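Below, read A as the first sequence line, B as the second, and so on, with proteins coming before strands; counting in each chain starts at 1. On a predicted model such as this, the values are computed, not experimentally measured, just so you know.
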Amino acid sequence: MCGALRPSDAGKKATLMGWVNKRRDLGSLIFVDLRDRTGITQVVINAERDAAIHEKTEALRNEYVIAVTGTVKLRDASTVNKNIATGEVELVAEELRILNESKLPPFLPSDTALTNEETRLKYRYIDLRRDVMQFNIELRHKVAKAIRDYLSAQGFFEIETPFMTRSTPEGARDYLVPSRVQPGTFYALPQSPQMFKQILMISGFDKYFQIVRCFRDEDLRADRQPEFTQIDLEMTYPQPERVWEVVEGFLTAAFAAAGFAINTPFPRMDYDEAIRLYGIDKPDLRLPAFTDVRECFAAENLQELAINASLPVVAIRTPKVGELSRKERDDIKPMFHAKGGAKIFEDFKRIGNKFPEAAAAIAKKTGMEDGDLIVLVAGSAQAGAWQAASSQAHTAAATNKKVTPQELAIYASAGTLRLALAQKYAERHGIFKKTGDAAKDFRFLWVTNFPMFEWDEGEKTWNAAHHPFTSPHEEDMAKLESGVEALHDPLSPLSAVRALAYDVVLNGTELGSGSIRIHRQDVQSRIFRALGMTEEEARERFGFFLEALEYGTPPHGGIALGLDRIVMILAGAESLREVIPFPKTARAVDLMVDAPTPVSYKQLRDLGIDVLKFGETFRRNWLEKLPKSLELKREHGRTYLNKVGRRVGLPASREVKANSWKVELPERFDHLVLLCQSDAGKVLDFVLPGDLVAQLWPAYQPRPGHRITTVVVRDGERYFLRAGKRRLEITEYLGKTDILRG
RNA sequence: GGGGACGUAGUUCAGUUGGUUAGAACGCUGCCCUGUCACGGCAGAGGCCGCGGGUUCGAGUCCCGUCGUCCCCGCCA
């Protein structure tokens, strides 16, 4: 392999195969850097030694695939290249074969400046040749293998679960797979194998794991792809601590495989504590926690600052930011997104001028050092009105050590600001820079005792915060019982029910989430009742599962971790795309294979599917595939696309600037779908029933593959179809059918 | 669904208050070069300034729309 040769190999014969990474042509002496997965070796071709090979080498271009046989030679001391592992040797070519040529790639794997994502994704096979990508994918393999090996050694079975499964209304949107055999019905791709793994526990496979693809049809982020990989595991009879031990074990193995020695056990923190100290349920422990500095102010100070004295005053300390200019201070304000009456005091100097004693106390309490930035977040006095009204909640919650919604608003606002500030001044405080000490670089944390229920302000009800199979705390069972009576009361005892749920967090990223599950039918019923679900509704949605629970279900629990995120952090990457070989864009498009695409009518018909609304995707995919040189032409009272002009489209009319495009008619049709861009730039698409088509084109006989184009014209509030000189008003008709505005 | 950034040569980018023929670097092509490894030297090719409208005597530059990529909010049990 190209990265393998060492001085000890000197004198040996070797054959290397790989890509031409670089050719340095010095005339009758040519150097070729030959690259494969393992590295780069320099090949020397000397015209004096072999004119034929030299001639062949002159034809080589970047990314040609070649095979070279030659003798490994130690380099002279003066020509050693310390930058590469094979730098002390080179291969003197005695035979050279061009295995394949290459077109000039849009970018080279050896380029130092990164090409834009669009090009990288389109030519992913070239992008993946880059050493960083090779490293990341190899790292991913090593991590996955380490986890498999560890869990297997611990007695876990890797068991596969179906990809084509049942849609559940809970949680994220499902990706659906239509059934041909039973038209009108759909499988769903799993958001996670949650129910199957619990069924496996019921089935007696007491330790299960799987490195498995999951699918969620939600909007993407840098750390969210529509398909992603989970390390999913479940075991019987565990305390949460037992699950944590297993996770700590395989993470240690995974990080070791990546060359990092991490410490276990990870620290643990209650959800409430995480909110109080960090304003978020996935704290980044590398940064300083909040300090509550309400006590540092005198009551009059708070009044003067219009701060609500019954809510916390949070100090955010960002280290080593240094003196900020007026403009820089102003830049902080837009970074703050106030929730529920939270307000910001970004100018600590001014606080110091006005209230020197308070400022001194704050500086002391926060451990402020020279150059540290202090920003305060507090509840505004205006928020006091509704605060007073629910002061009862405040006291009640205080006894439960529970964070109230009002406090949460302050903490959460401060929490996002804390991260934004840390991000903005990352260069200055340097906390995010790797030190090389894994214990400092990777700050793990277990966040535990999540609330069982979340208040939905819109629906005025309590929802399951995790999933409805999460077991509540044994001690909170009584609250659960009484809380059921107050399902639509935001102050319900349900607010204080804790779940046996836990998250594993690394450097502010949620790596995984798990829980001890409910294994008893009676508890499960109570939870469903608490969620306002009747027995019948519950049966309807989770029938098979509830039935399974009744056949001797052992206590069980587990967790699922995002493999992509783990590898991303290990690789030091900013985006999941860097650790997924074939990722999708923010619009869930695969730019290499160009998916998704519209499918033929025949395919849809087989599935019993009728697509009513063709959206942007349809329009784009269909239009883009038309030759650019088409223009509309009218003949024999019909409109055709002809090869004349530059773009597809109709000449702009006075009334409306309309584009139009073809619709491929099926053998049989009940309606046409037309899409039209109105003068306001809005895309209208609507269904045109068959009898209207007949009115417009009386002589028209639908034929397979026949294409028709028409234009929708708008005149004020009236809409017309145009066919030749005829105009057919469809305004009224549109009112009766569904006109869908895109 | 909402907000923001970006789109100029194959690639990364520059392009002034709108004003001659749109530049640089790398890459590419040809020639020269025996110790390079970011090789060097000489010569050269390469542009619907994303697309469509508009304003203007004049648009890469201003306005509107649209397409695409990225980031964020909502969403993601």
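- B/C28 atom C1' lies 16 Å from atom CD of A/E101, rounded to whole Å.
- Pair assignment for B/G23 gives B/C13, based on Watson-Crick or G-U wobble hydrogen-bonding distances that are each under 3.5 Å.
- Residue contacts shown for A/T470 are absent, as no nucleic acid heavy atom lies under 4.0 Å away.
- Of the side-chain N and O atoms in A/N83, one or more sit less than 4.0 angstrom from OP1 or OP2 of B/A38.
- A donor N or O paired with an acceptor N or O is not found under 3.5 Å between the base of B/C76 and the side-chain atoms of A/R216.
- Within the 4.0 angstrom heavy-atom criterion, only backbone atoms of the sugar-phosphate kind lie near A/T115; the bases stay farther away.
- On the P atoms, B/G19 is 31 Å away from B/A43, given to the nearest whole Å.
- Remark: P of B/U12 and CG of A/L108 are 12 Å apart, rounded to the nearest angstrom.
- Going from atom CD of A/E58 over to atom P of B/U36 covers 19 Å, rounded to whole Å.
- In this entry the distance linking CD of A/E118 with P of B/A5 reads 19 Å, nearest Å.
- Using a 4.0 Å cut-off, no side-chain N or O of A/R24 falls inside it from OP1 or OP2 of B/G35.
- Counting non-hydrogen atoms under 4.0 angstrom, A/D76 reaches nothing in the nucleic acid.
- Among the heavy atoms of the strands, none lies under 4.0 Å from A/K82.
- With a cut-off of 3.5 Å on both pairing distances, B/U36 has no Watson-Crick or G-U wobble partner at all.
- Under 3.5 Å, the side chains of A/T119 and A/N116 contain a donor-acceptor pair of N or O atoms.
- At the heavy-atom level, A/I84 lies nowhere under 4.0 Å from the strands shown.
- Contact annotation: A/R221 does not reach the phosphate of B/C71 (side-chain N/O to OP1 or OP2, under 4.0 Å).
- Sequence order on RNA chain B of the closest nucleotides to A/P106 and A/Q230 puts A/P106 first from the 5' end.
- The distance between the ring centers of A/F228 and A/F215 does not fall below 6.0 angstrom.
- The base of B/G74 lies close enough to the side chain of A/D219 for a donor and an acceptor atom to sit less than 3.5 Å apart.
- No hydrogens or angles were tested; on distance alone, nothing pairs the side chain of A/R577 with the base of B/C70 as donor and acceptor under 3.5 Å.
- Of the C1' atoms belonging to B/A24 and B/G47, the separation is 15 Å, rounded to the nearest Å.
- Pairing for B/G65 is with B/C51, a Watson-Crick or G-U wobble pair whose two hydrogen-bonding atom distances lie under 3.5 Å.
- Candidate nucleotides B/G35, B/C37, B/C76 were compared by shortest atom distance to the side chain of A/D33, and B/C37 ranks first.
- Rounded to a whole Å, the CG atom of A/L34 is 21 Å from the P atom of B/U36.
- Residue contacts for A/L26: at a heavy-atom cut-off of 4.0 Å it reaches a base atom on one of the strands shown.
- Enclosure of atom CZ in A/R23 by more than 12 non-hydrogen atoms of other residues, nucleotides or ligands within 6.0 angstrom is indicated.
- Below the 3.5 angstrom threshold, one finds a donor paired with an acceptor across the side chain of A/R224 and the base of B/C75.
- With RNA chain B read from its 5' end, the first of the two nearest nucleotides for A/L29 and A/L104 is the one closest to A/L104.
- When both distances must be under 3.5 Å, the Watson-Crick or G-U wobble mate of B/G44 is B/C28.
- Distance noted for atom C1' between B/C57 and B/G18: 12 Å (whole Å).
- Where stacking is scored as ring centres under 5.5 Å apart with planes under 30°, A/F107 does not register as stacked on the base of B/U11.
- Of the options A/H519, A/Q198, A/R517, a side chain to side chain donor-acceptor pair (under 3.5 Å) to A/H556 is made by A/Q198 and by none of the others.
- To the nearest whole angstrom, the two C1' atoms, one in B/G54 and one in B/A14, are 28 Å apart.
- Under the 4.5 Å side-chain criterion, counting only non-hydrogen atoms from C-beta, A/R24 is not in contact with A/I30.
- Between the CG atom in A/L96 and the CD atom in A/E94 there is a gap of 11.5 Å [rounded to 0.5 Å].
- Side-chain contact of A/D564 with A/Q225: a donor-acceptor pair under 3.5 Å is absent, judged by distance alone.
- Closest approach to the A/D25 side chain among B/C28, B/C33, B/U36 is made by B/C33 (side chain taken as heavy atoms from C-beta onward).
- In this structure, A/D127 places its CG atom 12 Å from P of B/U12, rounding to the nearest Å.
- When heavy atoms are screened at a 4.0 angstrom cut-off, A/E117 is found touching the sugar-phosphate backbone but no base atom.
- Across all strands shown, B/G60 remains unpaired; no Watson-Crick or G-U wobble contact has both distances below 3.5 Å.
- Between A/L114 atom CG and B/C6 atom C1' there is a gap of 15 Å when expressed in whole angstrom units.
- Counting non-hydrogen atoms under 4.0 angstrom, A/G171 reaches the backbone sugars and phosphates but no base.
- The gap from the P atom of B/G3 to that of B/C64 amounts to 13 Å, rounded to the nearest Å.
- The nearest whole Å value for the distance from the CG atom in A/N116 to the P atom in B/C71 is 13 Å.
- Between the side chain of A/E90 and the base of B/G35, a donor-acceptor pair under 3.5 Å is found.
- A donor N or O paired with an acceptor N or O is not found under 3.5 Å between the base of B/G27 and the side-chain atoms of A/R61.
- Among the heavy atoms of the strands lying under 4.0 Å from A/S28 is at least one base atom, whether or not backbone atoms are also near.
- Separating the C1' atom of B/A38 from that of B/G53 is a span of 46 Å, rounded to the nearest Å.
- Set against B/G27, B/C75, B/C37, the side chain of A/N62 has B/G27 as its closest nucleotide.
- Contact check, A/K22 against B/G27: a side-chain N or O comes under 4.0 Å of OP1 or OP2.
- Counting heavy atoms from C-beta outward, A/R120 and A/M133 have side chains that approach closer than 4.5 Å.
- Nucleotides B/G50 and B/A9, compared at atom P, are 8 Å apart to the nearest Å.
- Looking at heavy atoms from C-beta onward, A/D131 lies out of side-chain contact with A/R35 at the 4.5 angstrom threshold.
- Nucleotides B/G35 and B/U11 place their C1' atoms 30 Å apart, quoted to the nearest Å.
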